[in-house]
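Worksheet: the structure to be examined is printed underneath.
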Amino acid sequence: MGISKLNLLYKETVLDHAQHPRHHGKLSAATSHLELRNPTCGDVIDVQAQIEADTIVDLTFDGIGCTISQSSASMMTVALIGQSVTNARELITSFSKLTIGESISTQADESLGDAAILGTVAQFPARIKCATLPWHALDELLEKWETQK
Amino acid sequence: MGISKLNLLYKETVLDHAQHPRHHGKLSAATSHLELRNPTCGDVIDVQAQIEADTIVDLTFDGIGCTISQSSASMMTVALIGQSVTNARELITSFSKLTIGESISTQADESLGDAAILGTVAQFPARIKCATLPWHALDELLEKWETQK
Amino acid sequence: MDNGLNNSRLDFKILAQNINDEPLVYLDNAATTQKPKAVLQSIINYYEHDNANVHRGVHTLSQRSTNAFESARDKITAFINAPSRETVIYTRSTTESLNLIATSFGNLVVEAGDEIVISPMEHHSNLVPWQQLAAKKHAILKYINLTVDGELDMNHARQQITDKTKIVAITHASNVLGVVNPIQEITKLAHQHGAYMICDGAQSVPHMKVDVQLLDVDFYAFSGHKMLAPTGIGVLYGKVELLQAMQPIQFGGEMIDFVHSQSASWNELPWKFEAGTPNISGAIALGSAIDYLTNLGMQNIQNYEQKLVNYVLPKLLKIDGVTIYGPHNPTNHTGVISFNLDNLHPHDVASGLDMEGIEVRAGHHCAQPLMEYLNVAATVRASFYFYNTKADADRLVNSIQTVKEFFNNGDI
Amino acid sequence: MDNGLNNSRLDFKILAQNINDEPLVYLDNAATTQKPKAVLQSIINYYEHDNANVHRGVHTLSQRSTNAFESARDKITAFINAPSRETVIYTRSTTESLNLIATSFGNLVVEAGDEIVISPMEHHSNLVPWQQLAAKKHAILKYINLTVDGELDMNHARQQITDKTKIVAITHASNVLGVVNPIQEITKLAHQHGAYMICDGAQSVPHMKVDVQLLDVDFYAFSGHKMLAPTGIGVLYGKVELLQAMQPIQFGGEMIDFVHSQSASWNELPWKFEAGTPNISGAIALGSAIDYLTNLGMQNIQNYEQKLVNYVLPKLLKIDGVTIYGPHNPTNHTGVISFNLDNLHPHDVASGLDMEGIEVRAGHHCAQPLMEYLNVAATVRASFYFYNTKADADRLVNSIQTVKEFFNNGDI
Ligand SMILES: Cc1ncc(COP(=O)(O)O)c(C=O)c1O
Ligand SMILES: Cc1ncc(COP(=O)(O)O)c(C=O)c1O
């Protein structure tokens with residue numbers, strides 16, 4: 001098969017998000033932020049969110065990572081800005097399911113937008129952690145926010 | 001083969017020493033004593049020696065052990081009382097060799113007396129430690145004596 | 001019962017050999033068990049197809065290896081009904097598991113004047129670590145007495161466990177006496193007094209269904225090699241909030257979150273306690289051992305061993321000159337039977353039995369304080385597993401007679 | 001060289017498989033090596049004929065098992081030229097060996113204000129234990145700088161190691177940079193200042209002849225799994241008088257001399273440090289791995305790997321966009337080669353290579369402080385062993401080109 005199989009993972013949209021990450025950098029109006037590491041490889045992601053009235057008003061990310069984690073982070077910001085915290089956490093669960101090859105509702109798939117494309121990572125088990133790292137970070141951030149509010 | 005093979009180990013002389021141990025008990029005139037344990041089984045041997053002018057004038061043993069270790073201790077006292085410390089340590093080495101099936105000089109064999117019979121323990125590897133425990137104890141005692149004199 | 005439970009004996013090639021020209025009867029299962037073909041095959045399969053280091057690479061072999069290693073953890077989690085996989089930590093052995101608790105958790109909770117309560121039937125591995133902890137912390141090590149039958153005296157337990165007690169550490173099943181302790185009850189007692197309950201499961205997990213949540217113990221330890229798996233792999237279960245509060249005691253690969261030149265932070269549970277390359281093939285083989293045991297059924301194993309004990313214990317008790325330690329009633333007696341014969345030293349008896357092809361253990365069974373308590377220097381121990389048969393039991397009984405006669409009825 | 005040194009490749013069944021439909025090229029040997037048939041067979045032989053617990057019984061199986069376990073120790077003793085078997089202690093791994101030294105020996109000799117000297121190229125396992133010890137004892141952890149080539153700066157070593165230094169802990173061979181450190185020289189320096197020398201041999205013992213007496217180190221640690229043996233077995237060598245002075249840190253079976261209800265005494269070396277049932281089959285398999293390596297000849301292995309490096313390193317250096325970390329001169333460069341490609345993240349590169357059947361590692365290699373020092377987040381690492389071939393090297397070089405093209409020359 002060889003390297004061409006990688007086309008399944010590194011699709012054009014994925015590369016586009018990696019090359020031109022959306023919502024990358026610091027968020028001055030952030031109400032909370034969370035840093036998460038992949039202890040296996042040392043990659044770091046820093047997620048910053050501005051949450052108001054139970055809604056993610058704005059969201060950015062920062063850090064060091066591979067194409068997949070950077071692209072996934074960019075897609076995540078696009079999908080989740082404007083969502084309620086509850087919806088966002090449900091979408092995070094949906095995304096996690098996609099990455100291990102489970103099916104999700106059409107509605108969730110639509111809401112995930114570009115990010116749904118990363119479902120093909122299920123065929124590259126060693127890279128699932130790369131894809132989910134930013135989403136785990138945001139999920140932890142939202143969980144903390146919920147318990148503190 | 002079955003249990004009859006044990007006759008090789010539990011010879012009449014061996015049983016005689018176990019049933020009627022020579023020089024068993026405390027030695028009031030002891031100049032040094034040493035206790036050694038077999039950590040595997042908890043057996044304990046206490047060797048007491050009266051050493052004068054580099055000669056083992058008297059020697060006794062005490063403790064808890066199986067037929068082989070008790071019999072071996074008894075035979076040891078018979079063989080080594082009256083020996084110089086140097087000779088005794090050499091005989092201890094000879095006895096150790098016997099128990100792992102190595103040959104020794106005729107002279108050493110004669111000096112060991114009854115104890116030489118225990119050479120058959122070489123065919124019962126699990127019991128070698130039982131046979132050598134008292135001799136190791138005495139060797140340690142003599143080594144200490146030598147460094148302290 | 002000719003070939004053990006469900007003909008399982010046939011899965012153990014080692015059993016089909018002669019020892020001293022007599023067919024082997026392996027009755028040293030409390031020390032370690034034999035390994036079925038399926039477990040050995042799982043080791044070979046792993047090394048012939050998937051071997052790589054875990055948690056460390058993005059390549060295919062590393063992924064396969066990590067999956068196999070972690071799914072063995074899931075099997076263990078289910079097997080002992082642990083609430084989650086993060087509560088199941090790989091160690092080398094029961095001994096290492098108990099030392100980890102005594103060092104890390106003991107350090108956290110025990111203070112000068114506190115009491116640690118154990119029993120005289122503990123294996124050295126569930127005894128010396130508490131002695132050491134007590135000495136270091138100026139705490140007090142107390143023992144719960146045994147009844148004349150060798151069971152834990154629960155009345156005395158109620159006296160010994162007090163509000164001063166910080167830790168209670170008791171074995172689930174004795175490796176000498178064949179008794180099973182009422183862990184659920186002792187745990188309740190410990191918790192009523194605000195103490196933590198630690199249970200040594202080395203002799204229970206291989207022989208009965210264990211549910212750590214039902215027992216409600218705070219920690220539980222056991223070894224793979226006593227339950228069909230290879231040596232070098234053991235398990236520590238702990239309640240998640242306690243494990244989270246504890247500090248690791250070994251540092252290095254795997255257990256790291258981030259390392260700077262002058263400081264470091266730790267990975268999440270369960271990896272926080274798994275420093276360095278773990279025993280990957282051992283863990284995978286333990287998973288395969290659990291599959292094998294689950295397939296036989298833990299209740300079936302327990303029933304089968306009970307039947308063997310019902311059969312053999314009365315026969316042993318009838319031999320003139322045999323003294324049995326522990327309960328004489330076969331009901332609720334595990335397959336561990338300790339005895340002495342006449343005035344013979346256990347070594348002499350075991351050598352005699354070995355000549356007959358029967359492998360039993362002689363010694364203090366790493367329970368010297370129990371020997372002192374029983375006022376013996378050592379005992380002979382025969383311990384059964386599900387691949388032993390009534391024929392094995394008969395061979396044991398007959399050979400004890402032979403040994404007795406060889407040694408002139410103990411009059412050597 | 002088609003089938004590795006002496007056709008050894010054929011002894012490794014795992015190598016004859018496809019990964020992602022391409023023939024496997026295993027280049028993650030620094031993480032763990034593959035196991036030859038003879039080593040796997042030694043495990044199966046043991047379990048099919050001799051399995052029993054060691055040091056614990058008078059029966060035949062127990063004796064066979066103890067003999068096999070202890071004669072493996074004799075093989076290790078000879079392999080590293082240790083002065084006596086009592087100086088060779090079985091552990092789980094390099095990590096456990098180093099932690100044992102840091103905890104037991106560190107506790108004995110390090111005091112407030114003392115200095116511990118290490119290097120930025122240490123694996124977390126030879127770094128975090130010293131951090132922890134330093135923090136606990138209020139000692140100071142100092143680093144010896146590296147030269148621009150990634151070698152230990154011996155001039156700086158002479159500044160950093162002073163009369164205040166209590167412990168110097170340095171790896172024999174780097175698991176990232178491919179350098180071998182002048183341990184004999186550093187040991188002399190340490191001893192001149194009254195410091196103890198501890199050496200991490202995880203990446204050296206598998207690849208070159210090591211003589212611990214010639215090196216004159218005080219402690220030496222290595223892992224079985226990086227030298228053909230299974231996971232779960234490692235070695236700690238120590239000078240006998242130091243080991244004798246040290247206290248055990250795990251307590252239980254095997255390491256006991258006598259246990260009373262309130263006190264205990266320890267067994268002799270080497271067992272004093274081997275609490276609980278050890279990894280018996282792992283030790284025996286390590287003995288068999290040593291037989292295999294000795295048969296090939298350590299000098300032959302080193303020469304063969306040197307030839308591979310002479311061949312592949314210049315080819316890698318020629319690829320446009322490849323950055324090699326560590327010395328660029330192939331002479332004295334071990335088979336461990338770390339690099340990055342263009343601006344690609346190592347994960348992306350390793351995934352690409354994996355699709356081509358080439359297993360390399362991507363990440364920090366448990367050496368985060370070194371990554372910081374090199375100012376990279378992570379690297380790709382290819383590591384060779386004697387069963388690798390020139391064809392493997394060619395496949396690596398060609399596939400890096402393929403990966404480069406796939407990712408548009410790094411312009412993804
Ligand atoms: C230099 C070095 N030291 C220590 C270790 C740790 O070895 P282990 O994981 O077997 O404990 C490794 C391997 O990962 C290593 O390469
Ligand atoms: C009750 C009990 N606890 C602890 C142990 C120690 O187990 P391991 O030697 O596997 O650490 C044993 C077995 O020897 C045992 O029977």
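The contact between Tyr47(D) and chain C is made by backbone and side chain atoms together, counting heavy-atom distances below 4.5 Å. For Ile249(D), the part lying under 4.5 angstrom from a heavy atom of chain C is the backbone only. Of the atoms belonging to Gln250(D), heavy atoms from both backbone and side chain fall under 4.5 Å from chain C. At a 4.5 Å heavy-atom cutoff, the contact between Glu359(D) and chain C is made by backbone and side-chain atoms alike. Contact annotation for Ile280(D): both backbone and side-chain heavy atoms come within less than 4.5 Å of a heavy atom of chain C. Neither the backbone nor the side chain of Tyr373(D) comes within contact range of chain C; no heavy atom of the residue lies under 4.5 Å from a heavy atom of that chain. Looking at Ser93(C), only its side chain comes within 4.5 Å of chain D, counting heavy atoms on both sides. For a residue to count as touching a neighbouring chain, one of its non-hydrogen atoms must lie under 4.5 Å from one of that chain's; by this rule Asn279(D) touches chain C with backbone and side chain alike. Heavy-atom distances place the side chain of Ile256(D), and not its backbone, under 4.5 Å from chain C. Heavy-atom distances place no part of Ser223(D) under 4.5 Å from chain C, backbone and side chain included. Residue Glu372(D) touches chain C through its side chain alone, counting heavy-atom pairs closer than 4.5 Å. Both the backbone and the side chain of Glu96(D) come within less than 4.5 Å of a heavy atom in chain C. The parts of Ser281(D) that come within reach of chain C are both its backbone and its side chain, each placing non-hydrogen atoms under 4.5 angstrom from that chain. Both the backbone and the side chain of Leu61(C) have a heavy atom closer than 4.5 Å to some heavy atom of chain D.
In terms of non-hydrogen atom pairs under 4.5 Å with chain D, the most contact-rich of Trp266(C), Tyr26(C), Trp130(C), Phe12(C) is Trp266(C). Note on Asp50(C), Leu100(C), Leu24(C), Leu141(C): by heavy-atom pairs under 4.5 Å with chain D, the leading option is Leu141(C). By number of non-hydrogen pairs under 4.5 angstrom with chain D, the leading residue of Val259(C), Val360(C), Ile19(C), Val128(C) is Val259(C). Contact count versus chain C (heavy atoms, under 4.5 Å) is highest, among Met371(D), Arg64(D), Lys37(D), for Arg64(D). Of the listed residues (Ala52(D), Ala102(D), Ser263(D)), the one with the most heavy-atom contacts under 4.5 Å to chain C is Ser263(D). Ranked by non-hydrogen atom pairs under 4.5 Å with chain D, the options Asn126(C), Ile14(C), Thr95(C) are led by Ile14(C). Per-residue heavy-atom pair counts under 4.5 Å with chain C were compared for Ser261(D), Pro230(D), Pro120(D), Ala135(D), and the maximum is reached by Ser261(D). Between chain D and the options Ala16(C), Ala367(C), Ala275(C), heavy-atom pairs under 4.5 Å are most frequent for Ala275(C). The greatest number of non-hydrogen atom pairs below 4.5 Å with chain C, out of Gly282(D), Pro278(D), Pro346(D), Gly234(D), is found for Pro278(D). Interface remark: of the candidates Gln17(C), Gln262(C), Lys13(C), Gln262(C) forms the most heavy-atom pairs closer than 4.5 Å to chain D.
Distance alone, capped at 3.5 Å, is enough to place a donor-acceptor pair between the Gln131(D) side chain and the His260(C) backbone. Side chain of Lys35(C) to backbone of His225(C): a donor-acceptor contact under 3.5 angstrom is found. Side chain of His365(D) to backbone of Gly363(D): a donor-acceptor contact under 3.5 angstrom is found. Using a distance-only test at 3.5 Å, with no hydrogens or angles considered, a donor-acceptor pair links the side chain of Thr33(D) to the main chain of Leu228(D). With hydrogens and angles ignored, the 3.5 Å screen pairs a side-chain donor or acceptor of Glu122(D) with a backbone N or O of Thr171(D). No donor-acceptor pair under 3.5 Å is formed between the side chain of Ser399(D) and the backbone N or O of Leu353(D).
Contacts of Tyr46(D) classified as side chain to side chain donor-acceptor pair (under 3.5 Å), with partners at least two apart in sequence or in another chain: Asn51(D), Ser65(D).
The CG atom of Asp200(C) lies 6.0 Å from the OG1 atom of Thr94(C); values are rounded to the nearest 0.5 Å.
Side-chain atoms of Asn29(D) and Ser383(D) form no donor-acceptor pair, as typed in the model, at a separation below 3.5 Å. Between the side chains of Thr231(D) and Thr277(C), not a single donor N or O lies within less than 3.5 Å of an accepting N or O. Counting only N and O atoms by type, the side chains of Asn53(D) and Thr32(C) include no donor and acceptor under 3.5 Å apart. With no hydrogens or angles considered, a side-chain donor-acceptor pair links Asp28(D) and His59(C) at under 3.5 Å. No side-chain N or O of Thr66(D) forms a donor-acceptor pair with one of Gln63(D) less than 3.5 Å apart.
Looking at Asn267(C) and Glu274(C), their side chains never come closer than 4.5 Å, going by heavy atoms from C-beta outward.
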